[in-house]
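Inspection log for the structure reproduced underneath, given as structure tokens.
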There are 2 protein chains.
Amino acid sequence: MSTSGRGLHGRVLETLGPAITAGEYPPGSVLRTDELAQRFDVSRSVMREAVRVLESMHLVESRRRVGVTVRPKAEWNVYDPQVIRWRLAGADRPHQLRSLTVLRSAIEPVAAGLAAKHATAEQCAELTECALGMVANSKGHRLEGYLFHDIAFHRVILNASGNEMFARLGDVVAEVLTGRTRHEVMFEDPDPAAVTLHVRLAEAIRAGDAGHAEALTREIAEGALHELDILAP
Amino acid sequence: MSTSGRGLHGRVLETLGPAITAGEYPPGSVLRTDELAQRFDVSRSVMREAVRVLESMHLVESRRRVGVTVRPKAEWNVYDPQVIRWRLAGADRPHQLRSLTVLRSAIEPVAAGLAAKHATAEQCAELTECALGMVANSKGHRLEGYLFHDIAFHRVILNASGNEMFARLGDVVAEVLTGRTRHEVMFEDPDPAAVTLHVRLAEAIRAGDAGHAEALTREIAEGALHELDILAP
DNA sequence: GCCGAGAAAAAGTCAGACTTATTTGGCACA
DNA sequence: TGTGCCAAATAAGTCTGACTTTTTCTCGGC
């Protein structure tokens with residue numbers, strides 16, 4: 001499930017990363033490696049490795065004679081899956097969820113259009129299978145089953161788009177959908193209209209109708225954005 | 001200009017990163033920290049820090065008793081600015097440039113639509129200024145001046161969208177535009193139609209016309225994609 | 001008030017010893 | 001012949017302590 005946690009430095013990151021992304025240390029805050037090493041009861045080497053990772057995510061900057069300073073939020077590598085996970089686990093989870101949903105609304109329609117052109121027969125079959133799975137789990141509070149097929153559905157489209165940048169957003173979409181199901185809305189069965197849209201989208205892609213696929217995905221995205229507006233207008 | 005290079009481990013990354021992203025070590029290749037440390041003539045601590053950074057980019061995976069194995073390309077953090085820079089400097093630069101341009105074509109229209117709603121008066125003024133700068137440098141092989149204003153123009157829109165995920169793509173757009181001007185096409189003056197579109201886009205955003213702004217940006221994106229097709233159909 | 005030398009502070013680097021997890025391979029036993 | 005277990009080998013992981021380097025602050029002289 002979670003990527004890090006392997007090794008001592010991973011253990012440190014698991015608490016330091018979320019703390020920084022949660023804004024616990026305001027931008028400009030200065031940390032010292034030695035002090036951190038003591039606090040986490042690890043050697044300086046381990047601490048240095050952790051700091052290097054944070055630095056590569058642009059969360060902090062390490063300078064001689066100064067220490068490890070926290071960078072302003074605007075400079076963070078917000079596309080780093082680890083950073084996304086930390087932020088989704090923290091206080092500004094709603095804000096982050098909205099940002100990511102807007103991102104999805106921009107990416108997925110274009111990806112679906114490309115998928116209609118490039119999807120292999122196998123991918124089309126998989127897509128139909130996912131859509132059927134969504135239908136089968138759309139009634140009777142079978143949210144986990146629905147979520148599973150929903151994630152797979154969107155992942156197949158992103159992969160089928162043939163664009164590696166799109167494909168790598170599969171994990172992000174998975175996080176957003178999971179978060180929505182488990183923590184935010186969706187206490188009852190999913191919107192039947194959304195289910196129908198997914199079925200029709202699978203069909204449009206199978207038929208190679210790029211324009212239709214793009215339009216249908218825009219409708220799905222509209223629905224997702226609307227859901228957020230209901231929750232936090 | 002380049003982010004890394006600070007410290008010994010940065011020096012190591014500057015040659016190891018590009019080598020890996022260039023596919024010099026095929027996925028599954030095994031490296032050993034000790035051997036690398038010898039090769040780069042640095043201590044193991046420094047080498048370990050470099051490996052940690054590569055690991056956080058999902059370029060490699062470090063496992064006990066096995067070594068540092070190169071991950072398949074599909075798992076790389078392709079949104080990491082450092083990784084993007086390394087790949088743009090390498091052999092699959094054209095492929096990467098195409099992926100990023102398609103990404104732009106998905107993001108920027110939506111960002112422009114949001115910018116029309118959220119842009120401050122100051123941002124609108126800046127946008128108009130950039131558009132004028134583009135016009136002023138559109139004739140007479142003043143490519144550098146044109147590029148400068150083009151980058152600033154798109155960066156303002158992404159920032160004005162109010163979405164942090166969009167805003168952080170400013171650097172990516174800058175890389176793409178720079179790459180296009182300096183290495184790929186554009187030996188002569190920029191397409192006059194594109195210049196006009198930028199001017200009209202600035203006006204649409206100032207007027208708060210989201211639909212028009214989105215449509216105009218789509219036209220600009222179409223142009224950029226078309227340019228690539230001319231070069232490598 | 002300004003400037004330069006020196007002190008101080010913190011990260012950076014290195015070397016070496018030790019620990020731990022994982023894999024491999026051989027040996028015994030079924 | 002196949003299977004399962006134990007022991008050895010291996011490479012990453014960890015810790016410690018000493019040393020270097022860079023940058024900033026301070027203090028004294030002008």
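Note on naming: letters A, B, ... go to the chains in the order of the sequence lines (proteins, then strands), and numbering restarts at 1 for each one.
In summary, the side chains of A:His198 and A:His154 do present a donor paired with an acceptor at a separation below 3.5 Å, with no hydrogens or angles considered.
In this structure, of C:dC14, C:dG12, C:dA10, it is C:dA10 that holds the atom nearest to the side chain of A:Arg32. Closest to the side chain of B:Arg48, out of D:dC15, C:dA11, D:dA12, is D:dA12. Across C:dC14, D:dC15, C:dG12, the shortest atom-to-atom separation from the side chain of B:Leu8 is found for C:dC14.
Going from atom CE of A:Met47 over to atom C1' of D:dG13 covers 17 Å, rounded to whole Å. Atom CG of A:Asp34 is separated from atom C1' of C:dT13 by 14 Å (rounded to the nearest Å). Atom-to-atom, NE2 of A:His9 to C1' of D:dC15 comes out at 16 Å; the value is rounded to the nearest Å. Between the CZ atom of B:Phe40 and the P atom of C:dG12 there is a distance of 20 Å, given to the nearest Å. Atom pair B:Asp41:CG and C:dT13:P shows a separation of 13 Å (rounding to whole Å applied). Atom CD in B:Glu61 sits roughly 15 Å away from atom C1' in D:dG13 (whole-Å rounding). Taking atom CD of residue A:Glu49 and atom P of nucleotide C:dA11, one finds them 16 Å apart after rounding to whole Å.
Between B:Thr33 and D:dA12 there is a side-chain N or O to OP1 or OP2 distance below 4.0 Å. Side-chain N/O atoms of B:Arg6 include none lying less than 4.0 angstrom from OP1 or OP2 on D:dT22.
When heavy atoms are screened at a 4.0 angstrom cut-off, B:Arg63 is found touching the sugar-phosphate backbone but no base atom. Residue B:Ser62 is classed as a sugar-phosphate contact, given heavy-atom separations below 4.0 Å to backbone atoms only.
Taking 3.5 Å as the limit, the base of D:dT24 and the side chain of A:Arg65 contain a donor-acceptor pair of atoms between them. Judged by atom type and distance alone, B:Arg44 does not reach the base of C:dA15 through any side-chain donor-acceptor pair under 3.5 Å.
The 5' end of DNA chain D is approached more closely, in terms of each residue's nearest nucleotide, by B:Gly67 than by the other of B:Gly67 and A:Val46. Projected onto DNA chain D by closest heavy-atom contact, A:Ser45 and A:Arg64 fall at different nucleotides, the more 5' of which corresponds to A:Ser45.
Smallest separation of non-hydrogen atoms from A:Val12 and A:Ala50: CG1-CB, 4.1 Å. Residues B:Pro94 and B:Ala91 come closest through the heavy atom pair CD-O, 3.5 Å.
Electrostatic pairing of B:Glu55 and B:Arg52 counts as a salt bridge here, judged by a charged N lying under 4.0 Å from a carboxylate O.
A donor-acceptor distance shorter than 3.5 angstrom exists from the side chain of B:Asn77 to the backbone of B:Ser56, with no hydrogens or angles considered.
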